[in-house]
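The structure appears right after this line, and notes come after that.
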Amino acid sequence: MRDVYIVDAVRTPVGRYGGALSGVRPDDLAAHVLRALAERSPALDLARVDDVVFGNANGAGEENRNVARMAALLAGFPVTVPGSTVNRLCGSGMEAVIQAYRAIAVGDASVAIAGGVESMSRAPWVVPKPERAFPAGHQQMVSTTLGWRLVNPRMPEEWTIALGESAELLADRYGVTREAQDAFALASHEKAARAWKDGAYAAEVVPLDELARDEGIREDTSLEALDRLKPAFRRGGTVTAGNSSPLNDGAAALLLTDEAGLAATGREPLARIRAGAVTAVEPQYFGIGPVEAVDRALRRASRTFADLLTVELNEAFAAQALSCLGQWPDLDPAVVNPRGGAIAIGHPLGASGARITGAVAHQLAAAGSGIGVAALCIGVGQGLAVVLER
């Protein structure tokens, strides 16, 4: 097995739903980060790129017809560079990284680009085809922005509940209070705002259309403001809009190589990929999915929680993230999401896995050495994790 290096990682600022990036097509978002990678490694002949793999959770709108290939063409890559789009819902961007990593590790590729993209603002409505020709009645449009739609009636009802209700189930099961969720959400905003103020994101974020910074960070929020929000999914519940990740737009991409590809870039890598893991749980408890995925990935990398310099755990919901953290008593919570998480930064579904993997790589590079983990929960009950080392 070949060593696989992350040479570079970039992302757009994350835009709010209906915000600054809502006018940008998802294939153009993806093309933007591909161009940025190419510009930052001018010594690399783009014809050497063996594949472009992108994650996308929707695929029903302007990102149809294989957004990875479309983005590579739009970015001006040689027509000989292929592309493939993968879908593991919230984990799609990390799934793309893992697939590119495997191809390089076994010798099927030397240079690959992996990433993810999502425009939740531009996710279309769809109209199912009628059961018979020439129906006289009205047809219902279905939103593809988030969550279950066009559900197979054979699916058990408990599996197809709203994502927020799943977070409520985790809060019930693991005893996560409203107060703890709001405090976690506030910390996410505070850390993200501080990271931007300190210039911590300068190495990875490439501005787009006058948006230079993540749009959803609320520097002026407080526990009092969060406490005033009503439960969003259950009467008397604990999950609110303030302690949940929002709907977002954005893209991220990473340049991966083996030793020969690394030499062709003329650059020092940010980090090396050590291991990855995917696991599954009951769909209604999807948020706990990262627990076993991280445990398994660490075992494969022959590492423990004590070895970790940084952890990026995607914050789908504060209740979900806190439920996972409670299952890792040996993990120092101070190393988790040190530059803020998805509650503040945002969660453009197909891009988030690539964003947090790139974030870990940049944090390890800034530190000079160390071990890091990136992990996500995934709708319909999965977890995904990757271990990086520098």
Side-chain angles (χ1 to χ4, degrees), residues 1-6 9 55 86 88-107 114 170 173-174 254 256 258 269-283 285-316 320-338 341 352-365 367 369-390:
M1 299 286 285
R2 298 177 179 177
D3 285 337
V4 180
Y5 300 96
I6 298 175
V86 298
R88 203 187 281 274
L89 297 182
C90 304
S92 298
M94 187 179 291
E95 176 66 22
V97 173
I98 290 174
Q99 290 199 17
Y101 152 69
R102 288 173 180 156
I104 296 172
V106 301
L170 289 177
R173 173 176 281 190
Y174 296 103
L254 296 83
L256 279 62
D258 60 8
L270 300 175
R272 180 165 67 98
I273 299 178
R274 286 292 306 273
V278 62
T279 56
V281 296
E282 293 177 279
Y285 292 106
F286 77 94
I288 205 68
V291 172
E292 178 56 30
V294 169
D295 291 346
R296 191 175 297 181
L298 284 174
R299 288 196 298 270
R300 289 175 179 172
S302 301
R303 298 293 183 176
T304 69
F305 286 107
D307 298 315
L308 297 180
L309 175 75
T310 186
V311 173
E312 285 286 329
L313 176 64
N314 195 53
E315 301 168 355
Q320 165 268 320
L322 288 167
S323 295
C324 291
L325 294 175
Q327 308 312 300
W328 295 319
D330 297 328
L331 174 62
D332 179 1
V335 306
V336 178
N337 298 349
S352 290
R355 178 189 74 78
I356 64 172
T357 305
V360 170
H362 277 288
Q363 289 166 34
L364 294 178
S369 64
I371 303 290
V373 167
L376 312 91
C377 65
I378 302 169
V380 201
Q382 296 185 85
L384 195 59
V386 65
V387 179
L388 306 184
E389 180 179 35
R390 179 182 171 94

query: Do V373 and E312 have side-chain heavy atoms sitting under 4.5 Å apart?
result: no
query: Are side-chain heavy atoms of Q363 and L309 found at a separation under 4.5 Å?
result: no
message: I need the minimum non-hydrogen distance between C90 and C377, along with the two atoms involved.
response: CB-O, 3.5 Å
- prompt: What's the verdict on side-chain contact (heavy atoms from CB on, under 4.5 Å) for L331 and L308, showing C-alpha distance, side-chain angles and the deciding distance?
  reply: CA-CA 8 Å; L331 174 62; L308 297 180; 4.2 Å; yes
task: Please round to the nearest 0.5 Å and tell me the distance separating atom OG of S352 and atom CG of L89.
output: 12.0 Å
- request: Determine, step by step, whether Q382 and V278 satisfy the side-chain contact (heavy atoms from CB on, under 4.5 Å) criterion, reporting the C-alpha distance in whole Å, the side-chain angles of both residues, the deciding distance to 0.1 Å, and the verdict.
  value: CA-CA 7 Å; Q382 296 185 85; V278 62; 4.1 Å; yes
query: Does D258 reach the side chain of V4, with side-chain heavy atoms less than 4.5 Å apart?
result: no
message: Looking at L313, is its backbone amide N or carbonyl O close enough to the side chain of N337 to form a donor-acceptor pair, meaning the two atoms are under 3.5 Å apart?
response: yes
- line: G91 and L384 have their tightest heavy-atom pair at O-CD2, 3.5 Å
query: Ignoring hydrogens and geometry, is there a side-chain-to-backbone donor-acceptor pair from H362 to A9 under 3.5 Å?
result: yes
query: What distance separates Q99 CD from M94 CE, expressed to the nearest 0.5 Å?
result: 13.5 Å
query: With distance as the sole test, does R88 use its side chain to make a donor-acceptor pair with the main-chain N or O of I378 at under 3.5 Å?
result: no
message: Once rounded to the nearest 0.5 Å, what's the spacing between atom CD1 of I6 and atom CD of E389?
response: 12.0 Å
field: Sub-4.5 Å side-chain heavy-atom contact between P333 and L325
entry: no
task: Run the numbers on L322 and Y174 for side-chain contact (heavy atoms from CB on, under 4.5 Å), then give the verdict.
output: CA-CA 9 Å; L322 288 167; Y174 296 103; over 6 Å; no
message: Determine whether a donor-acceptor pair (N or O, by modelled atom type, separation under 3.5 Å) exists between the side chain of R300 and the backbone of D295.
response: no
query: I273 pairs by side chain to side chain contact (heavy atoms under 4.5 Å, CB included) with which of T357, I104, L388?
result: L388
field: Any donor-acceptor N/O pair, Q320 side chain to A316 backbone, under 3.5 Å
entry: yes
query: When rounded to the nearest 0.5 angstrom, what distance separates OG in S369 from CG in L364?
result: 8.5 Å
statement: Taking every heavy atom of A114 against every heavy atom of A96, the minimum-distance pair comes out as CB-O, 3.5 Å
- prompt: So, for D332 and V336, which heavy atoms are closest and what is the spacing to 0.1 Å?
  reply: O-CG2, 4.0 Å
- request: Please examine the side chains of F305 and L298, heavy atoms only from C-beta on, and report whether any two atoms are closer than 4.5 Å.
  value: yes
field: Exercise: identify the closest heavy-atom pair between A297 and G276
entry: CB-C, 4.2 Å
query: Within a strict 4.5 Å, meaning less than it, do heavy atoms of the Q327 and I288 side chains meet?
result: yes
message: Donor-acceptor check, side chain of R390 to backbone of G370, threshold 3.5 angstrom: yes or no?
response: no
- prompt: Does Y285 reach the side chain of R173, with side-chain heavy atoms less than 4.5 Å apart?
  reply: yes
- request: Return the minimal non-hydrogen interatomic distance between L170 and G287, and the atom names on each side.
  value: CD1-CA, 3.6 Å
message: Quick check: do L256 and Y5 have side-chain heavy atoms less than 4.5 Å from each other?
response: no
field: Reported OH-to-CD distance for the pair Y101 and E95, which is rounded to 0.5 angstrom
entry: 13.0 Å
